[in-house]
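Structure, as structure tokens:
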Amino acid sequence: MAGVKGRSGTNKGKDKPFAEALRMELKAVKDSDPKSLRAIARNLIGRAANDDKDAVAAIKEIADRLDGKPAQAITDADGGPIQVAVVKFGEG
């Protein structure tokens, strides 16, 4: 729920039925099956090596899986970095 106090909006610890179904199906196939996880990864690497429109998307997917997705910059309304100041009360 959006805007509910005390909730971060993340899905940590929640059921992910589609991800679980994918894991179950991937465990059920054999490595020699063209639809096995290794075959899918091999296909993705092959697409990244091609010189076509799918290559950029495949390269991005591989990079995101290996290095993690880039952090999103937090900026103010003008696009500049957010300025953070520490204010201490009761000292001085």
Side-chain angles (χ1 to χ4, degrees):
M1 295 172 80
V4 176
K5 187 175 179 178
R7 290 197 179 174
S8 67
T10 63
N11 198 20
K12 290 182 180 175
K14 303 279 182 170
D15 289 340
K16 296 182 182 179
F18 188 72
E20 185 60 28
L22 281 174
R23 284 187 190 93
M24 289 170 53
E25 287 302 315
L26 287 167
K27 285 180 183 178
V29 295
K30 294 181 169 59
D31 281 341
S32 61
D33 187 331
K35 290 189 167 81
S36 73
L37 185 56
R38 289 186 65 184
I40 292 167
R42 196 176 309 116
N43 187 335
L44 181 62
I45 292 168
R47 286 179 184 231
N50 287 338
D51 197 19
D52 60 14
K53 63 180 182 172
D54 291 337
V56 174
I59 292 167
K60 182 183 178 309
E61 187 66 32
I62 292 168
D64 287 349
R65 296 293 173 176
L66 294 177
D67 295 343
K69 291 187 178 184
Q72 183 177 357
I74 300 174
T75 60
D76 62 15
D78 297 325
I82 299 287
Q83 298 295 319
V84 178
V86 177
V87 179
K88 294 182 180 180
F89 294 99
E91 293 184 11

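As a member of the Ile/Leu/Val/Met/Phe/Trp/Tyr network built from side-chain separations under 4.5 Å, L44 groups with I45, I62, L66.
When all heavy atoms of A48 and A58 are compared, the pair lying nearest together is N-CB, 3.6 Å.
Applying the salt bridge (charged side-chain N to carboxylate O under 4.0 Å, His left out) test to pairs two or more places apart or on separate chains, those with a residue in residues 49-58 are R47-D54.
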